[in-house]
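Please read the structure below before turning to the comments.
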Amino acid sequence: TTDGATIDVTGTTTLAANAAFATTDGGGTAGGANITLAAVDGSVADTQSLTLTAGTGGNITTGNLGGTRLSTLNVVSGNTINLGNVNSAGAVEVGSGAATTGAVNFNGTVDGTAITIAGGGNVGDVTFDGAVNGNALTMGAVGSVGNVVFNAATTLTSVDIRQGTGTITDGAAGSLTVSGLTYLDTTGNIRLDSAANDFATVDVQNSAGGGNIDVALVDANAITVNQI
C-alpha cells in the first residue's frame with residue numbers, strides 16, 4: 001500500500017497469501033496512482049485472492065492474472081483499467097468501490113463463477129476482447145456503465161446489464177451465448193447479432209425512453225424478445 005505513489009512490478013508475481021495492491025493510502029489519497037503488474041499467479045490453485053485499488057486517478061495495467069488460478073479477483077477502483085487474461089475460481093469484480101472507475105478493457109479471456117461490473121460505483125465503457133466464461137455477468141447493479149461490447153465468444157448462464165447510459169453491442173454474430181435469462185436496460189441502443197439458439201429469452205428496457213432495440217438474426221431461428 002502506498003500514499004499516492006505508483007506501484008510497478010515488472011516480473012511475474014507468485015502470491016503466497018491473499019494480496020492487496022493499493023495506491024490510495026487506505027482512502028487518505030483518493031486520487032491514487034498507477035498500478036502496473038506483470039503476470040500474477042497463485043502459489044496454490046484456487047487459494048490466493050488479488051485486490052487492486054488505484055483510486056480515481058490511477059490507471060491499472062496487468063499481464064495475465066491467474067496462470068495458477070486465483071481464488072477471487074477484486075478491482076476496487078481505477079481510472080483506466082487494462083487486464084490480461086483473468087482466471088479465477090470464484091468472483092471477478094471490477095468497480096466494487098464507491099469511486100467512479102473509467103474505461104475497463106479485458107484484453108484476454110475472463111473466467112470466473114460470477115463476474116460483476118459496477119457493483120459499487122459508476123464504470124465507463126467496458127470491452128471484452130477475449131472469451132468470457134462463467135455463470136453470471138452482472139453490470140450496473142448499483143453504479144452505471146457506459147458502452148458495453150463483446151468481441152469474442154462468450155458463454156454465460158445469465159446476463160444482467162442495467163442502469164446503463166451507452167450502447168450494448170454483441171460485436172460479432174454468435175459471440176454472446178446465454179442459456180438463461182438476459183436482461184438489458186440502457187438509455188442507449190441495444191444491438192444483438194444473434195446466431196441460432198444464442199439466447200433463451202431476452203428482456204430489454206430503455207429505462208429513460210432512450211435508444212433503439214435492434215435484434216438481428218443471422219439465421220432463421222427466432223429468439224424471444226420481451227420489451228418491458
Side-chain angles (χ1 to χ4, degrees), residues 45-46 49-50 64-66 69-75 83-96 104-120 123 125-164 166-186 190-207 213-219 221-228:
D46 309 344
S49 66
L50 177 63
N64 296 334
L65 304 177
R69 192 165 64 174
L70 302 172
S71 60
T72 61
L73 171 67
N74 184 9
V75 180
L83 305 177
N85 295 335
V86 174
N87 189 14
S88 168
V92 174
E93 299 181 75
V94 178
S96 60
V104 178
N105 302 302
F106 291 94
N107 298 314
T109 58
V110 183
D111 291 275
T113 55
I115 302 163
T116 303
I117 312 293
V123 169
D125 296 345
V126 180
T127 303
F128 296 95
D129 281 332
V132 183
N133 302 294
N135 292 330
L137 171 64
T138 303
M139 293 189 188
V142 177
S144 67
V145 294
N147 300 322
V148 179
V149 180
F150 299 90
N151 283 328
T154 295
T155 302
L156 298 159
T157 56
S158 69
V159 170
D160 189 332
I161 303 175
R162 61 184 68 208
Q163 294 188 359
T167 62
I168 299 171
T169 306
D170 181 6
S175 65
L176 179 60
T177 301
V178 186
S179 60
L181 178 65
T182 303
Y183 181 95
L184 306 175
D185 178 3
T186 179
I190 298 171
R191 170 75 186 191
L192 300 176
D193 291 311
S194 175
N197 303 317
D198 278 353
F199 304 95
T201 302
V202 179
D203 287 349
V204 293
Q205 178 177 353
N206 290 113
S207 57
I213 297 168
D214 185 358
V215 179
L217 301 180
V218 297
D219 52 41
N221 292 303
I223 60 176
T224 299
V225 179
N226 302 317
Q227 185 170 358
I228 58 175

Taking all non-hydrogen atoms of both residues, which atom of A152 and which atom of G130 are closest, and how far apart? CB-C, 3.5 Å
Whether the side chain of D125 engages the backbone of N147 through a donor-acceptor N/O pair (distance < 3.5 Å, no angle test) should be reported. yes
Do N87 and D111 have side-chain N/O donor and acceptor atoms under 3.5 Å apart? no
Starting from the C-alpha separation in whole Å, work towards a yes-or-no answer on side chain to side chain contact (heavy atoms under 4.5 Å, CB included) for L65 and L50. CA-CA 9 Å; L65 304 177; L50 177 63; 4.1 Å; yes
Give me the atom names and distance for the closest heavy-atom approach of S144 to A118. O-CB, 3.8 Å
How far apart are the closest heavy atoms of A89 and T113, and which atoms are they? O-CG2, 3.0 Å
Quick check for you: to the nearest 0.5 Å, what is the distance between E93 atom CD and I115 atom CD1? 11.0 Å
With sequence neighbours left out, what residues match D129 under salt bridge (Lys or Arg N to Asp or Glu O under 4.0 Å)? none
Closest contact, heavy atoms only, L137 versus L156: CB-CD1, 3.7 Å
Under 3.5 Å: donor-acceptor pair, side chain of N85, backbone of T109: yes
Show the nearest heavy-atom pair for residues S88 and L73, with the distance to one decimal. OG-N, 4.0 Å
Not counting sequence neighbours, which residues clear side chain to side chain donor-acceptor pair (under 3.5 Å) with N105? List them please. N82
Measuring from F128:CZ to F106:CZ, what's the distance to the nearest 0.5 Å? 5.0 Å
